[in-house]
Number of protein chains: 2
Amino acid sequence: MTTLTDVTDSATAKGEQTRELILSTALRLFREQGYGKTTMRAIAAEAGVSVGNAYYYYSSKEHLMQAYYDHLQVLHREAVAEILADEKSFTKRLTGVLRSWLEVSEPYHEFAGTFFKTAAEPKSPLSPFSEQSRPAREASIEIFRQVVEGSDIKLPADLRAELPELLWLLQMGIVLFWVHDDSESLRRTHLLITSTVPLIDRLLRLTRIPGVRGVANDLIGVIRSIKTA
Amino acid sequence: MTTLTDVTDSATAKGEQTRELILSTALRLFREQGYGKTTMRAIAAEAGVSVGNAYYYYSSKEHLMQAYYDHLQVLHREAVAEILADEKSFTKRLTGVLRSWLEVSEPYHEFAGTFFKTAAEPKSPLSPFSEQSRPAREASIEIFRQVVEGSDIKLPADLRAELPELLWLLQMGIVLFWVHDDSESLRRTHLLITSTVPLIDRLLRLTRIPGVRGVANDLIGVIRSIKTA
DNA sequence: TCCAAGAGTTGAACGTGTTCAAAAAAGTGA
DNA sequence: TCACTTTTTTGAACACGTTCAACTCTTGGA
């Protein structure tokens with residue numbers, strides 16, 4: 001039996017090395033030529049391995065995409081750390097987080113459509129609602145939980161509890177918009193964020209009005225019942 | 001020059017006959033085995049034509065899907081006619097229209113995912129937001145315009161004007177939910193509709209409260225500015 | 001009736017993602 | 001060192017959506 005470091009150095013190292021080589025090659029080609037125009041054969045050739053070998057590590061082309069998605073997640077989490085530490089205002093925190101996502105994802109905007117295409121399919125493991133992407137989804141929701149919890153906003157407890165998930169849904173909506181946005185410098189998506197966030201802030205504060213409060217409570221009830229049904 | 005009836009009987013008839021044969025065969029196979037498992041070769045074989053011939057009339061497998069989508073649109077329009085003529089209550093009209101869509105689309109639920117998969121791609125002509133699907137989209141929005149206009153609901157004029165489009169967006173959301181819904185008899189989607197519609201009704205009536213009215217107005221402003229930006 | 005032009009039809013061929021049986025390499029215990 | 005097992009790697013083969021040059025049929029005018 002070899003030592004633990006030996007294992008990571010030799011045993012796993014060989015396979016992991018190939019795995020990472022294939023992934024990085026794939027991501028580079030995706031970035032350079034888009035998802036559709038990058039063939040598995042091209043990835044294998046560029047990485048200096050056989051097609052079958054690529055499939056030995058990634059069971060489909062989509063799985064290579066999944067890996068890219070996870071990568072973005074990490075970049076986003078790093079990008080928002082500073083904002084979440086410094087800022088207290090709810091609108092600024094939320095705007096900052098959404099903007100960061102835009103910045104991080106910007107290089108991939110061109111072929112993001114193809115990604116969300118497969119992501120829209122329910123059975124696909126790439127769907128943001130799927131079981132397989134639960135870790136990534138929860139990590140993402142966690143960011144919004146921090147947005148809410150570290151902010152100055154005052155809210156009824158039950159709404160506060162559901163809010164992170166709702167904000168994540170908002171982000172899904174913005175992503176959908178973003179994918180379709182072909183304006184220069186993504187002007188329209190930026191416009192959407194800057195005009196929507198303050199509105200959400202005001203909407204949330206409206207829950208203090210008794211008549212609104214009732215509707216809001218029922219809304220939460222509906223969301224809960226549908227989640228568990 | 002032949003007469004008009006001659007043209008439809010002979011000149012166009014031959015081609016149109018083949019076109020419809022291919023379409024109906026495709027839709028049947030889609031229904032029977034799902035979109036993914038139905039091959040163009042199978043459609044051609046079953047229809048008794050060559051693969052190339054199918055492509056002569058439908059430039060891709062997705063276009064056959066588009067045709068199915070248009071088909072649904074017509075069925076839906078027919079299905080809601082009665083409700084829209086008889087019913088005056090806003091919630092009942094809206095619920096009826098959404099329910100009808102569910103009924104009409106039910107046979108296709110299994111493979112609808114694959115349809116919305118390609119629909120999610122921005123460049124795809126099948127996207128509900130695309131230029132090519134404008135006619136289908138506007139026909140769909142028209143239904144919601146009738147829902148609003150024939151109802152007893154009292155609303156500020158500008159909100160009333162935007163509402164059909166918003167309700168169409170709501171339906172897109174419900175469709176997204178529906179696609180992911182694998183509960184028996186689509187229980188969860190039905191639950192979503194029955195609990196969401198009355199809530200929307202109450203939300204809309206809340207716009208009479210001054211504080212809410214301001215936010216609603218701004219929301220409309222945002223929607224308008226983003227649509228034109 | 002015949003012929004040129006267009007409409008309709010064919011199926012082999014291409015490029016793609018993916019599979020799989022077999023070969024090569026690496027690891028394991030004596 | 002030697003057999004053996006397991007991990008890794010290979011590339012031909014498959015099924016699919018799609019294309020296209022060639023073919024047949026239909027039509028309308030001379």
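Everything numeric here is computed off the predicted structure, so don't read it as measured data. Below, each value reflects all heavy atoms present in this structure, side chains not excepted, and no hydrogens, waters or symmetry copies.
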A:Y57 side-chain N/O to D:dT9 phosphate OP1/OP2 under 4.0 Å
yes
Are B:T18 and C:dT9 close enough that a side-chain N or O sits under 4.0 Å from OP1 or OP2?
yes
Please determine if a side-chain N or O atom of B:N53 lies less than 4.0 Å away from the OP1 or OP2 oxygen of C:dG8.
no
Base, sugar-phosphate alone, or nothing: which one does A:V51 contact when heavy atoms must sit under 4.0 Å apart?
base
Given atom CE of A:M65 and atom P of C:dG17, what is their separation to the nearest angstrom?
12 Å
Interatomic distance, B:L21 CG vs C:dG8 P [rounded to whole Å]
14 Å
Could you tell me how far apart A:M40 (CE) and D:dA12 (P) are, to the nearest whole angstrom?
17 Å
Whole-Å distance separating the NZ atom of A:K37 from the P atom of C:dG15
16 Å
Does C:dT18 have its OP1 or OP2 closer than 4.0 Å to a side-chain nitrogen or oxygen of A:Y55?
yes
Residue pair A:G52/B:S60 against DNA chain D: nearer the 5' end by closest nucleotide is A:G52
Can you tell whether the side chains of B:E162 and B:K227 come within less than 4.0 Å, N to carboxylate O?
yes
note: A:K61, atom NZ; C:dT16, atom C1'; distance rounded to Å ~ 8 Å
Between D:dG17 atom C1' and B:F30 atom CZ, what is the distance in whole Å?
12 Å
d(OH, B:Y58; P, C:dG8) in whole Å
13 Å
For the side-chain contact (heavy atoms from CB on, under 4.5 Å) test, which of B:V80, B:V197, B:I83 pairs with B:V97?
B:V80
State whether the distance check finds a donor on one side and an acceptor on the other, under 3.5 Å, for side chain A:R41 versus base C:dG17.
yes
Can you check the B:Q17 CD to C:dA7 P distance for me, whole Å?
18 Å
Tell me whether A:K61 forms a cation-pi arrangement with A:F30, defined as NZ or CZ under 6.0 Å from the six-membered ring centre and within 45 degrees of its axis.
no
Take the angle between the ring planes of B:H180 and A:F129 and call it parallel below 30°, perpendicular above 60°, tilted in between.
perpendicular
Think B:Y56 has a side-chain N or O under 4.0 angstrom from the OP1 or OP2 of C:dG8?
yes
Toward the 5' end of DNA chain C, by each residue's nearest nucleotide, A:S59 or A:T39:
A:T39
Any A:M40 side-chain heavy atom under 4.5 Å of A:L64 side chain:
yes
